[in-house]
Amino acid sequence: MTTTTITTHGLYINGQTVETKETMAVTNKYTQEAAYHVAVAEQAHVKEAVQVAKNSLKEDFTPYQRYQVLLKAAQLLVAKKEEFAKVLATEVGKPIRESRGEVERAAQTLEISAEEAKRIHGEGVPVEAAPGSENRMAFTLKVPVGVIAAITPFNVPLNLVCHKIGPALAAGNSVVLKPAEVTPVCAYMLAEVLTEAGLPKGRLHVVTGDGPSIGDWLLENGDVNMFTFTGSPRVGELIRQKAGLRKVALELGNNSATVVHSDADLELASSMVAQKSFNNAGQVCISVQRVYVQEDVYETFVQKLKEKTEKFVVGNPLEETTDIGPMIRLSEAERVEAWVNEAVEQGATVVTGAKRDGAFYYPTILTDVHDDMKVCRQELFGPVVSVAPYTEKEEVIAKVNDSDYGLQAGLFTKDLGFAMKAAKEIEVGGLIVNDASAYRVDSMPYGGVKRSGTGKEGPRYAIEEMTEERIVVFNL
Ligand SMILES: NC(=O)C1=CN([C@@H]2O[C@H](COP(=O)(O)OP(=O)(O)OC[C@H]3O[C@@H](n4cnc5c(N)ncnc54)[C@H](O)[C@@H]3O)[C@@H](O)[C@H]2O)C=CC1
Ligand SMILES: O=C(O)[C@H](O)CS(=O)(=O)O
């Protein structure tokens, strides 16, 4: 008989592993069995992490050292790609090929952060141009904000953690990270990689346990200077309310739209929409949820999208052939099923999918939808895309904007005039022309408007959020 040993990850505080009285299981999202155990932090652990993080700011950690550590960590991540990818496939249920892609992107995010560490600078300010200040001279410095609490979601648990830790460390801050309770293992592995890369003790701490409790302990702690959060609008709002006057950066939800105009390359558009609606079982906040297709090409587009979608292999995330794995929880697949059933009762037509098997929800295309159905109006965060026709350009821009959210949108057209009009009028943080809404490379500014949040990620832009501008004036 063989017994499988389940590894337990202690908290990561001050460069050391800290065991706790209580632990919790992290499941394999395919088998639903416990795959790892992680520590459950108490308030004293969080307090200690913040205290050490604050003290660590007194120690030198120069921009060049930050560059070296982050670059080395990026290289180590590449070397450990397979190990990390298997953990992601297990704890998230993300297909192994997609998991490898996430590790590669996480390494990129650290590498870009490393490069940015050498480029943080203030600027000269011509105060001498003000009457009476002729003998003065001034410049600005970009100084770290201090201790940053980073709270992250389950769906991209390695790269989205790197998007917080990378720029925070590059800018000279220290970080207390609280990863999502259902996918915390890769965050602990990342902390080990950063230690191996030479990160000074005290600059990074990882605490796991109950989200609301740890969140509150961090929010109550006046030594935390900034909160950077990615997750649901509900929790984002809560953090914003409790953080008071401290800095807050919020990356929240979306119900992303993509427009396919009559002059679009339909082969390209249907391929991109198929791929970017169902990646990670649709649990991506820029995942395509609403597609508006100009009426002249509507039927052709729906047919092409159906053909491409039906080729996807749903199955075990650890198998090379799998395109779509399980959702993060059974209850999430049940919620998506309920929303689709409700849409069908309200008149929607199922083109393909609409089938659940445990935590798996099959890739689904709906037509005959209207904008007030839950599947269109709210953030669905699952493998379902709704397709609707439109007639005029003005009309479709209004449809895209008729949303509480505004993270990214996509537009397929060869008409430069339409693309520019959309760029000016669509209310989003990013418009992607001739690709679907879910295009992202890690160097670009990324962040939404309306209920999609405030503040930008992408290392260069996150560093702006994670530094304070200090003016220095000389009276000569
Ligand atoms: N804009 C973006 O870049 C992204 C946004 N998201 C959004 O995240 C959501 C899905 O992720 P989930 O992990 O389910 O989100 P969630 O909001 O439930 O959890 C996110 C994190 O917040 C923590 N948390 C929970 N309650 C808290 C509280 N009271 N105080 C402080 N922290 C608390 C959780 O433990 C977790 O670490 C979706 O709405 C999705 O759109 C996800 C990925 C990227
Ligand atoms: O918003 C998300 O879910 C992710 O930020 C999208 S990506 O970074 O994985 O492309």
Side-chain angles (χ1 to χ4, degrees), residues 24 41 46 88 92 94 98-99 101-106 108-109 149-164 177-184 187 206-220 224 227-243 248-256 275-276 279-287 289 327-329 331-332 335 378-382 404-408 428-430 432 435-458 462:
M24 62 186 194
V46 174
L88 287 172
V92 186
K94 185 175 286 188
E98 209 182 323
S99 293
E102 181 174 346
V103 185
E104 284 161 13
R105 281 188 54 192
Q108 284 264 316
T109 304
I151 303 178
T152 52
F154 74 82
N155 63 333
V156 190
L158 182 63
N159 193 29
L160 294 183
V161 162
C162 288
H163 268 288
K164 303 205 177 293
L177 168 70
K178 208 240 42 92
E181 42 272 70
V182 285
T183 57
V206 186
V207 286
T208 44
D210 178 57
S213 304
I214 298 182
D216 275 347
W217 298 331
L218 288 166
L219 284 153
E220 282 162 14
V224 177
F227 292 86
T228 171
F229 171 79
T230 300
S232 61
R234 181 187 67 81
V235 178
E237 258 175 347
L238 218 107
I239 290 175
R240 159 80 64 211
Q241 282 157 13
K242 293 185 181 173
V248 176
L250 301 172
E251 296 289 341
L252 310 176
N254 202 34
N255 60 349
S256 313
Q275 190 191 324
K276 288 170 180 170
N279 269 345
N280 198 18
Q283 300 165 117
V284 176
C285 63
I286 41 178
S287 188
Q289 182 174 329
M327 295 194 68
I328 195 71
R329 293 184 188 89
S331 59
E332 278 298 279
R335 175 187 59 80
Q378 298 190 19
E379 179 182 36
L380 190 123
F381 223 58
D404 289 340
Y405 297 104
L407 185 50
Q408 287 198 169
V428 282
I432 314 297
D435 202 338
S437 53
Y439 171 84
R440 182 182 185 189
V441 292
D442 296 287
S443 53
M444 71 190 223
Y446 181 76
V449 298
K450 303 199 259 186
R451 276 178 71 74
S452 292
T454 49
K456 295 282 178 205
E457 292 202 335

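Just so you know, ligand 1 is whichever comes first in the structure, and atom 1 is the first atom listed for that ligand. What you see is a predicted model; the values in this text were computed from it and never measured.
Closest protein heavy atom to atom 10 (C) of ligand 1: Phe381 CE2, 3.6 Å. Residue, atom and distance of the protein heavy atom nearest to atom 2 (C) of ligand 1 are Cys285 SG, 3.0 Å. Protein heavy atom nearest atom 35 (O) of ligand 1, with residue, atom name and distance: Glu181 OE1, 2.4 Å. The protein heavy-atom contact nearest to atom 33 (C) of ligand 1 is Val235 CG1, 3.5 Å.
A side-chain N or O of Thr230 and one of Lys164 form a donor-acceptor pair less than 3.5 Å apart.
For ligand 2, the polar-atom distance check against Arg440 finds a nitrogen or oxygen pair separated by under 3.5 Å. For ligand 1, one of its N or O atoms has an N or O atom of Glu379 under 3.5 Å away. Considering backbone and side-chain atoms alike, Asn159 places every N or O at 3.5 Å or more from each N or O of ligand 2. For ligand 2, the polar-atom distance check against Asn155 finds a nitrogen or oxygen pair separated by under 3.5 Å.
Close contacts of ligand 2 with Leu160, meaning ligand atoms under 4.0 Å from a residue heavy atom, involve 5 (O). The ligand atoms of ligand 2 that sit less than 4.0 angstrom from a heavy atom of Val156 are 9 (O).
By heavy-atom distance, the residue among Cys285, Gly448, Ala438, Pro153 lying nearest atom 1 (O) of ligand 2 is Cys285.
Ligand 1 lies nowhere less than 4.0 angstrom from a heavy atom belonging to Gly236.
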